[in-house]
Amino acid sequence: MIQKTLTTKEHKKSRFGNAFHLCREILHLTELVIDAHVQFRLGNVDAFQLADAIFAYIGMLTGMYRYKYKLMRQVRMTKDLKHLTDYHFKTCPVGKGESWVWFWAPGWRVWLFFMQGIVSLLERWLGNLLVRQFKGLNSKGIAKTVTKQCVESHYDLELHAAVMHNILDMMPESIKQNKSKTILQHLSEAWHCWKANILWKVRPARNAYCD
């Protein structure tokens, strides 16, 4: 079976966008937090492993930073808290049970405030994503800005269209439909020759006529 190669436009249409992928990574983080606490409640890990397991390594365990790079600030903050946690457990005994659960709280607090602030952004992103998926992009009524880079190419296109419009205006209605395609082909060839600064020669024509 031959697979169809997607065009660039089809690739862009198939992308979910940052909103979807950021939600996916946040749900993955929630799954990691729940699994870690289940292991702690079962007595399989101690307080140090619970405090050091997830929040200091979110940059490695998830790919959230790919879709919202500003959260590297939270990654650095939890790294600093990790150093404090390491110092505490090096100088004090490590235990298990309810009284030791609070050691994971400072790292969770950082990410909790992050979640609180990103909810409104995700709402806007997901709203725009759903509108794009179901209604498509609505570019009507929006004036497109022409950058400095495109001014010359836009001028060429407008001049090309104006020349073609003038030629068709001078032609009688009886032959306009039949000859417009032929004239457009010759005009395109002549236009390329003019832009390349080379002589344009019509093949059936005589050299004296071309000169």
Side-chain angles (χ1 to χ4, degrees), residues 1-40 50-83 85 101-162 164-165 188:
M1 183 178 178
I2 302 174
Q3 286 186 340
K4 179 190 173 186
T5 304
L6 294 177
T7 62
T8 306
K9 192 171 184 179
E10 289 171 337
H11 269 297
K12 287 182 178 179
K13 283 187 176 181
S14 66
R15 292 175 191 158
F16 282 110
N18 287 354
F20 173 81
H21 293 293
L22 186 56
C23 285
R24 179 172 55 83
E25 295 294 343
I26 289 174
L27 291 174
H28 179 53
L29 171 63
T30 308
E31 180 188 11
L32 293 174
V33 172
I34 293 173
D35 291 343
H37 274 269
V38 168
Q39 293 299 319
F40 180 78
L50 178 65
D52 191 60
I54 298 174
F55 299 117
Y57 303 102
I58 284 180
M60 291 185 290
L61 295 173
T62 68
M64 292 167 62
Y65 65 91
R66 297 175 187 169
Y67 313 108
K68 187 64 178 173
Y69 193 74
K70 202 171 183 179
L71 64 82
M72 290 301 292
R73 179 170 172 265
Q74 279 77 16
V75 172
R76 284 191 289 270
M77 289 172 67
T78 48
K79 285 285 185 183
D80 295 337
L81 289 171
K82 177 184 180 300
H83 296 318
T85 308
V101 179
W102 65 272
F103 279 103
W104 70 277
W108 174 237
R109 178 177 175 272
V110 172
W111 290 104
L112 198 63
F113 282 122
F114 169 75
M115 301 292 181
Q116 186 179 2
I118 200 127
V119 163
S120 60
L121 180 66
L122 279 177
E123 285 179 355
R124 190 169 75 246
W125 280 4
L126 288 172
N128 294 337
L129 175 64
L130 292 175
V131 170
R132 284 199 308 271
Q133 289 293 325
F134 291 109
K135 294 185 179 180
L137 291 174
N138 185 16
S139 59
K140 294 181 180 178
I142 301 173
K144 293 185 178 180
T145 56
V146 181
T147 59
K148 187 178 179 180
Q149 228 172 4
C150 298
V151 168
E152 189 175 345
S153 61
H154 275 265
Y155 173 74
D156 289 346
L157 291 173
E158 289 172 4
L159 185 59
H160 187 278
M164 187 63 190
H165 182 69
S188 297

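All residue numbers in this chain count up from 1 along the given sequence. As a basis for the values below, the full set of heavy atoms in this structure was taken, side chains included, without hydrogen atoms, waters or symmetry mates.
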Practice item. Show your reasoning for whether side chain to side chain contact (heavy atoms under 4.5 Å, CB included) applies to Tyr57 and Lys79. Key: CA-CA 8 Å; Tyr57 303 102; Lys79 285 285 185 183; 4.1 Å; yes

**Study point:** Stepwise side chain to side chain contact (heavy atoms under 4.5 Å, CB included) check, Ile118 with Leu22
**Key:** CA-CA 10 Å; Ile118 200 127; Leu22 186 56; 3.8 Å; yes

Practice item. Apply side chain to side chain contact (heavy atoms under 4.5 Å, CB included) to Lys68 and Leu121, showing your working. Key: CA-CA 11 Å; Lys68 187 64 178 173; Leu121 180 66; 3.7 Å; yes

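The minimum heavy-atom distance linking Tyr67 with Trp125 is given by the pair O-CH2, 3.9 Å. In plain terms, the two heavy atoms of Leu126 and Ala19 that are nearest each other are CD2-CB, 3.7 Å. Closest approach of Tyr65 and Gly59 over heavy atoms only: CE2-O, 3.2 Å.
Atom CD1 in Ile26 sits 8.5 Å away from atom CG in Leu71 (nearest 0.5 Å).
By the side chain to side chain contact (heavy atoms under 4.5 Å, CB included) test, Val38 is found to be paired with Ile34, Leu42, residues two or more places apart in sequence or in another chain being considered.
A heavy-atom distance below 4.5 Å is not found between the side chains of Thr78 and Ile58.
Applying the side chain to side chain donor-acceptor pair (under 3.5 Å) test to pairs two or more places apart or on separate chains, those with a residue in residues 24-35 are His21-Arg24.
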Scan the side chains in residues 105-116 for donor-acceptor partners under 3.5 Å anywhere in the protein, sequence neighbours excluded, and list what turns up.
none

